[in-house]
Amino acid sequence: MNNLIQIVSILAAAIAVSFGAIGPALGEGRAVAAAMDALARQPESAGTISRTLFVGLAMIETMAIYCLVIALLVLFANPFIK
Amino acid sequence: MIQSPLASTPLFHLGPIPITAAVVTTWAIMVLLTLAAAACTRRLSLLPSKAQMVLELLVGTVDQQIVDTMQAAPRHYRALIGTLFLFILVSNWSSLVPGVEPPTAHVETDAALALIVFGTTIFYGIRTRGVLRYLATFAEPTWIMIPLNVVEQITRTFSLMVRLFGNVMSGVFVVSIVLSLAGLLVPIPLMALDLLTGTVQAYIFSVLAMVFIGAALDDSTPQILEKPQGTL
């Protein structure tokens, strides 16, 4: 029984990280594309755009980080493994 | 088996209280920041020295960010926001020192920081509006929203904590995994990336703290802005 929970936990961690990375990856791609567009239109405001882009990317990336935290919780702090 | 990033082993015991490595690092960073601030502000002059110049630039930037984000005079918030930013920045960068693990890579430190922001939000909300009018903001726009608004207060504090913890911890974790798999100099690009992540996360944490506190402030009374000198 304990063995089964461990196997399922490892699977769940892998699935959480892999599927949790899809959404942020798409979102970051759109954000960078929009920033490139803005940079091409207005190269003079490159400073503001890139600063906002970095902050926005970090915010989007947090979603993937949440999944990573969940995966680590499942792997290392699983309450169901005795 | 890699050691769990969620566990923290006590270094030594001070009476009944276990002291972990993160606590020692936190206190070392606090002492460092305090001594540096005291040394820089010891001899302030109108013709600034190099250290005073850097300090003035830093304080000016923090003030400008507070004015931009909160639309309020930076006087009350400068100390808290500036300290949060500097402490998180130095903590995140402390992984560069060999043998030191950043205290923000442990969930306890981040929980403490997020709780400080949570408490400050309530404090300033009550101070500018009064208890009853602050509680009434939970019933905006209608009373149906009360449970959602209460839950939002808790979840945004929690996400503030997990965001900082996850970013810093994942950096440390990845570096340690790569170090155990590959050689000595291989994780250096990842460490350089961690520096960027650490800076951005410190900035985001303080900006979010500003946004949360600013949202709790009373926006009906006009805040008198101190015009920064020398700028339009």
Side-chain angles (χ1 to χ4, degrees), chain A residues 2-3 5-25 27-29 31-32 34-35 39 44-82, chain B residues 1-9 61 64-65 68-69 85 88-89 92 104-108 110-111 114 155-177 192-212:
Chain A
N2 217 355
N3 211 357
I5 292 178
Q6 279 176 349
I7 295 169
V8 172
S9 304
I10 292 171
L11 262 179
I15 291 173
V17 169
S18 52
F19 277 86
I22 295 177
E28 288 199 1
V32 173
L39 270 177
E44 68 273 9
S45 54
T48 320
I49 292 173
S50 49
R51 197 178 63 225
T52 323
L53 174 70
F54 270 121
V55 174
L57 284 187
M59 294 288 242
I60 301 168
E61 215 171 71
T62 309
M63 298 303 133
I65 297 282
Y66 287 160
C67 298
L68 178 70
V69 170
I70 295 293
L72 289 179
L73 274 177
V74 165
L75 285 183
F76 287 111
N78 198 327
F80 301 110
I81 293 178
K82 302 292 184 299
Chain B
M1 186 73 186
I2 302 163
Q3 201 203 347
S4 160
L6 298 157
S8 52
T9 46
T61 313
Q64 193 57 48
Q65 289 290 333
D68 287 349
T69 314
F85 176 73
I88 296 174
L89 183 69
N92 291 352
T104 35
H106 290 276
V107 75
E108 298 89 1
D110 304 322
T155 49
R156 75 183 188 186
T157 309
F158 190 75
S159 81
L160 200 63
M161 171 185 96
V162 176
R163 177 178 298 121
L164 184 59
F165 165 67
N167 276 286
V168 182
M169 180 270 298
S170 65
V172 175
F173 199 59
V174 167
V175 165
S176 69
I177 287 177
L193 188 68
D194 280 351
L195 287 188
L196 180 68
T197 316
T199 321
V200 173
Q201 288 306 319
Y203 178 69
I204 286 182
F205 193 97
S206 34
V207 163
L208 283 177
M210 280 189 253
V211 169
F212 293 165

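Predicted model, so just to flag it, every value in this text is computed and none were measured. To find a chain, count down the sequence lines: A is the first, B the second, and so on, and within it residues start at 1.
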Interatomic distance, CE@Met63(A) vs CZ@Arg163(B), rounded to 0.5 Å, equals 6.5 Å

Determine the minimum heavy-atom distance between Val55(A) and Ile204(B), stating which atoms define it.
O-CD1, 3.7 Å

Under 4.5 Å heavy-atom distance to chain B, tell me which part of Leu72(A) shows up: side chain, backbone, both or neither.
both

Taking all non-hydrogen atoms of both residues into account, name the closest pair between Val162(B) and Val69(A) and its distance.
CG1-CG2, 4.2 Å

What is the minimum heavy-atom distance between Phe54(A) and Leu196(B), and which atoms define it?
CE2-CD2, 4.1 Å

Heavy-atom cut-off 4.5 Å, strictly under: side chain, backbone, both or neither for Leu73(A) against chain B?
both

Could you give the distance from CG (Leu164(B)) to CD1 (Ile65(A)), rounded to the nearest 0.5 Å?
11.0 Å

